[in-house]
Amino acid sequence: VDDREANVRLLEAMLSSAGYTSITSTRDPHQVVNLHRTHRYDLILLDLLMPGMDGFQVMEELKDIENDGYLPVLVITAQPDHKLRALQAGAKDFISKPIDLAEVLMRVRNMLEVRLLHVEARNNSRVLEQTVERLKEVERVKDGFLSTVSHELRTPLTSIRGSLGLLASGAIGALSDEVVEVVAIAERNAVRLIALINDILDLERLQTGTIELQFAQVPVASVLRRAMESLPSLGQMQGITVEAPEVPSMMWADADRIVQVLVNLLSNAVKFSRPGGVVTIGVEVREGWVEFRVTDRGRGVPMAHRETIFERFRQVETSDAREKGGTGLGLAICKSIVEQHGGTIGVESEEGRGSTFWFRVLTAFRPVAPKLGRAILVCGDDADRRGLEDVIRQAGYHRVVTVPDADAAWDVLKAGDVAVVMLKSDSDLLARIGTEPALAAIPVILFGSPLVVSPEALSDSLVLFLPERVDSRELLAAIRADLKRGWVAVPAGHVLLVEDDVTLLDVMARQLSAEGIAVRTATTGEEAIRAAEADPPALMVLDIGLPERDGFDVVDAMRQRAALRGIPVLVYTARDLTEAERGRLRLGPTRFLTKSKASDEDFRRLVVELRQIPLSRGADAVTP
Amino acid sequence: MMKILIIDDDADIRSIARLSLSRLGGMDVIEAASGGEGVRRAREEAPDVILLDMMMPTMDGLDTLAALRAQPATALTPVIFLTARAGEEAERLRALGAAGVLIKPFDPRTLSQAVRALVARPLDS
């Protein structure tokens with residue numbers, strides 16, 4: 001690009017004779033951008049001093065079109081002070097006028113070489129990105145495949161295992177000793193295969209969050225006792241003893257799942273102990289959490305394996321699965337369970353002297369317990385925002401999604417289950433959230449000044465302001481508060497109170513309304529059934545002695561309706577119920593409170609807790 | 001003799017359950033290959049207990065249970081679910097009024113004992 005015909009001709013002739021074939025030239029600087037947009041030159045030789053539009057302006061225009069971040073400009077200038085300015089403006093190199101032909105050729109050659117490398121690097125990185133995407137897709141397909149295959153394997157295995165069991169039982173006919181031995185081998189291995197498939201499915205459901213953990217306040221002692229009770233069934237204990245302490249404290253956990261973790265760690269410890277050895281369980285209760293420690297004096301875990309041992313199929317020795325039994329998935333399952341409790345798991349070990357596997361879970365319910373599927377959404381591309389994600393993750397919240405802008409955030413909000421949104425206060429996302437009733441209940445944390453937010457946008461939203469740069473303690477406190485607020489604020493549906501004592505009904509209704517919980521009432525069984533059918537409640541609080549049809553009838557009637565089968569029930573009665581009666585009253589998740597024994601606080605807590613259980617509706621929840 | 005109806009779409013599993021329950025459990029076994037057939041046979045044969053597979057095409061276990069409960073002849077017959085999914089689902093099925101839940105794969109040597117134990121537990125006091 002040069003406004004002088006003679007210069008253009010000279011450069012063209014020189015480049016042609018040097019073997020360059022694809023050359024365009026123009027004397028009009030206004031044409032450059034359009035030409036480059038069409039032809040995508042690998043190199044632009046640009047004169048700086050031109051009438052109407054100088055080279056600097058041309059470069060500015062060139063920057064506006066997509067260049068893969070590379071401006072292939074070589075400027076030609078007579079003024080020494082322009083050289084630096086041109087380089088600052090994005091030119092890659094310069095040639096001084098009057099031009100030296102040999103120098104021009106060298107610089108052109110060098111620049112084209114750089115350009116070539118640039119194109120190559122860009123293509124490589126595209127290939128890499130595509131490869132990463134493809135690998136992620138493969139991983140997803142593989143996981144889905146694993147799950148499908150495992151389900152499909154169970155049916156034939158049921159038949160195989162059953163047939164072998166029937167043979168071994170002698171029910172079909174007497175067998176010789178040798179046949180008994182062979183059948184036993186086949187059956188034992190069928191059972192092992194079934195255990196492996198069960199573990200694969202269990203892990204898959206834990207990792208995808210398909211399993212709803214049943215959290216409750218449970219005594220540590222009962223979890224320990226149950227884990228110890230299942231020990232003799234671990235087979236040959238070979239004189240190995242297990243010692244467990246007396247612990248009076250409580251923990252917040254799914255008891256069945258924590259027992260599963262302990263049994264797993266204990267059975268590993270026993271497997272790797274020498275005959276006659278000792279396995280010790282330690283329990284440490286600290287402020288807010290409890291730590292379990294299972295210690296053996298076996299061969300220990302080599303340093304190199306301490307990270308990977310919690311991954312799938314990562315036994316220290318590949319032969320361990322065969323020799324020691326087990327599926328290679330036990331520790332991965334333990335890790336998943338502990339993490340779903342908001343806890344951590346790890347191993348300390350001294351090679352040759354033994355290992356301690358430990359895990360920590362919370363001692364009491366905290367609304368911050370990470371709930372898989374409820375994500376924390378961070379909106380903003382700047383360094384402060386990116387830093388947030390690390391802080392939040394380190395605090396144990398596993399689902400954090402960071403998106404660059406309001407549009408991307410909007411997509412996540414519309415598609416997913418977001419618990420808390422964080423964004424800068426000058427973002428227009430807040431106003432958009434306000435326009436969508438389904439999202440209005442999601443708490444929002446805004447960074448920056450409240451002054452830039454319009455009052456309309458604030459009116460219906462749950463908003464908290466934090467400074468632009470927030471320290472991590474303040475941030476985590478805000479998240480905790482917001483998660484808690486979000487739980488109450490999410491339109492979780494109403495509670496149906498069924499009670500014929502209108503005074504008590506009034507008290508209960510007031511108590512729950514004060515919590516912000518929507519309440520409907522019924523004073524007879526018939527009325528309760530009609531009310532539930534007309535608009536299924538999120539929870540039913542049920543008295544037993546009712547006119548017309550009693551509480552048992554109400555539950556029976558609701559069981560017949562697919563939409564009402566899964567509804568949680570809080571049975572609140574003055575009667576002492578037998579086990580059988582309790583069984584008949586179960587609908588969805590069901591709890592029992594005796595009027596004379598329970599406090600208002602018990603009632604309130606159970607209502608809040610039960611109402612938060614997501615409804616599983618009839619057959620939908622059962623079909624895989 | 002205890003009369004039991006097995007409703008399962010898998011013929012192999014029906015055979016194993018039949019052999020196990022009749023030979024080892026001394027029960028009188030009737031079979032049905034679908035939920036619809038099961039509901040009809042239950043009405044005709046009035047079994048003492050029904051073993052019902054959860055995952056079946058067309059009418060699954062829950063649909064079949066609802067249909068059994070809806071006809072007077074079988075409204076009170078104890079139903080034991082047979083399911084491949086352990087854990088929390090068992091709890092839910094019991095809540096729906098099942099007498100019990102057995103997990104596949106089952107051990108044919110103890111199947112009849114398991115059935116008897118579940119039926120013996122009184123549901124209504």
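Annotation: maximal heavy-atom pairing with chain B below 4.5 Å, among Met558(A), Gln560(A), Arg586(A), occurs at Arg586(A).
Taking CG from Leu166(A) and CG from Leu111(B), the interatomic distance works out to 9.5 Å, rounded to the nearest 0.5 Å. With rounding to the nearest 0.5 angstrom, the NZ atom of Lys104(B) is 6.0 Å from the OG1 atom of Thr155(A).
With a 4.5 Å cut-off on non-hydrogen atoms, Ile172(A) touches chain B through its backbone and its side chain both. For chain B, the nearby part of Glu187(A) is the side chain; its heavy atoms alone come within less than 4.5 Å. Interface residue Leu587(A): only backbone heavy atoms are found under 4.5 Å from chain B.
The one candidate from Ile197(A), Thr158(A), Val191(A) that meets the side-chain contact (heavy atoms from CB on, under 4.5 Å) condition with Pro105(B) is Thr158(A).
A pairwise comparison of heavy atoms in Arg109(B) and Ala168(A) identifies NH1-CB, 3.6 Å as the closest pair.
Within residues 4-26 of chain B, the residues having any heavy atom closer than 4.5 Å to a heavy atom of chain A are Asp10(B), Asp12(B), Ile13(B), Ile16(B), Leu19(B), Ser20(B), Arg23(B), Leu24(B), listed by residue number.
Side-chain contact between Arg565(A) and Leu62(B) is present, with at least one heavy-atom pair separated by less than 4.5 Å.
A 6.0 Å sphere centred on CD of Glu579(A) holds no more than 12 heavy atoms belonging to other residues, nucleotides or ligands.
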